[in-house]
Amino acid sequence: MAWASWTTCGVFSGHGGVLTEEVGVLSGDLTIHTTWAEDTAQVTVQYTGAIDWFTMSGSPVPCRSEEESRRLHDAAVQAVRAGQAATVPVLPRTRPEKAAEPASE
């Protein structure tokens, strides 16, 4: 089973903070953590240095790859910085790469 995780500490939320499932809005100095396993990403937040973690609203999210889950983590960090009761952002789907067309002669 493939898995990965990322943690970003010291994320200062924008006005309106981040919306969580368990306690509503958190704001201030936060830590964002994303875990990816079995094609699913779980995004959680905590006050930096605290013990308790809270689910960011919109999580878990289907993610097809480790790379996609990393982009999701980065987008979640940016959403928290923007504030406005941030939730897990929806990433635009990337299209599968097409095989190169053979050159015509």
Side-chain angles (χ1 to χ4, degrees):
M1 172 178 89
W3 71 275
S5 68
W6 297 274
T7 303
T8 304
C9 301
V11 178
F12 289 89
S13 67
H15 181 71
V18 57
L19 186 59
T20 68
E21 294 295 322
E22 297 85 1
V23 296
V25 174
L26 298 180
S27 61
D29 182 2
L30 304 173
T31 296
I32 315 303
H33 180 79
T34 303
T35 302
W36 173 74
E38 299 180 10
D39 295 331
T40 302
Q42 177 76 33
V43 183
T44 56
V45 300
Q46 73 172 178
Y47 287 108
T48 297
I51 295 171
D52 297 322
W53 288 93
F54 304 101
T55 305
M56 188 171 175
S57 289
S59 181
V61 177
C63 277
R64 296 176 292 187
S65 67
E66 181 177 337
E67 179 182 294
E68 183 179 346
S69 65
R70 176 60 196 207
R71 286 195 324 270
L72 178 71
H73 175 79
D74 292 342
V77 169
Q78 292 307 313
V80 170
R81 287 182 176 141
Q84 301 174 359
T87 60
V88 175
V90 176
L91 292 180
R93 288 287 181 194
T94 56
R95 295 183 184 157
E97 291 183 26
K98 288 185 176 182
E101 297 284 329
S104 55
E105 296 181 29

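Computed from a prediction, not measured in an experiment: that's the story for all the values here. Positions are given from 1 along the sequence. All values below come from the heavy atoms of this structure, side chains included, with hydrogens, waters and symmetry mates left out.
- In summary, the side chains of His33 and Thr35 do present a donor paired with an acceptor at a separation below 3.5 Å, with no hydrogens or angles considered.
- Considering every non-hydrogen atom in both Glu66 and Trp6, the closest pair reads O-CH2, 3.5 Å.
- Screening Val25, Val43, Val45 against Val18 for a side chain to side chain contact (heavy atoms under 4.5 Å, CB included) leaves a single residue, Val45.
- Under the 4.5 Å side-chain heavy-atom criterion for ILVMFWY residues, a single connected hydrophobic cluster contains both Val23 and Val11.
- The minimum heavy-atom distance linking Thr34 with Ser69 is given by the pair CG2-O, 4.3 Å.
- Proximity of Ser5 to Thr7: side-chain heavy atoms (C-beta onward) are nowhere separated by under 4.5 Å.
- Once rounded to the nearest 0.5 Å, the distance linking CE of Met56 with CG of Leu30 reads 9.5 Å.
- Checked by atom type and distance alone, the side chain of Thr44 never pairs as donor or acceptor with a backbone atom of Phe54 at under 3.5 Å.
- Separating the CG atom in Leu91 from the CG atom in Leu72 is a distance of 5.0 Å, to the nearest 0.5 Å.
- What you find for Ala41 and Ser59 is that their closest heavy atoms are O-OG, 3.9 Å.
- Within a 6.0 Å sphere centred on CD of Glu22, heavy atoms belonging to other residues, nucleotides or ligands number more than 12.
- Taking CD of Gln42 as the reference point, atom CH2 of Trp36 lies at 15.0 Å (rounded to 0.5 Å).
- Tyr47 and Ile32 end up in the same hydrophobic cluster when Ile, Leu, Val, Met, Phe, Trp and Tyr side chains are linked at under 4.5 Å.
- Taking CD of Gln46 as the start and OG1 of Thr20 as the end, the distance is 12.5 Å to the nearest 0.5 Å.
- Cluster annotation: Val77 and Val61 are assigned to the same hydrophobic cluster (Ile/Leu/Val/Met/Phe/Trp/Tyr, side-chain heavy-atom contacts under 4.5 Å, transitive).
- Residues forming a salt bridge (Lys or Arg N to Asp or Glu O under 4.0 Å) with Glu67 (at least two apart in sequence, or on another chain): Arg71.
- Nearest approach of Ser27 to Ser13, heavy atoms of both residues: CA-OG, 3.2 Å.
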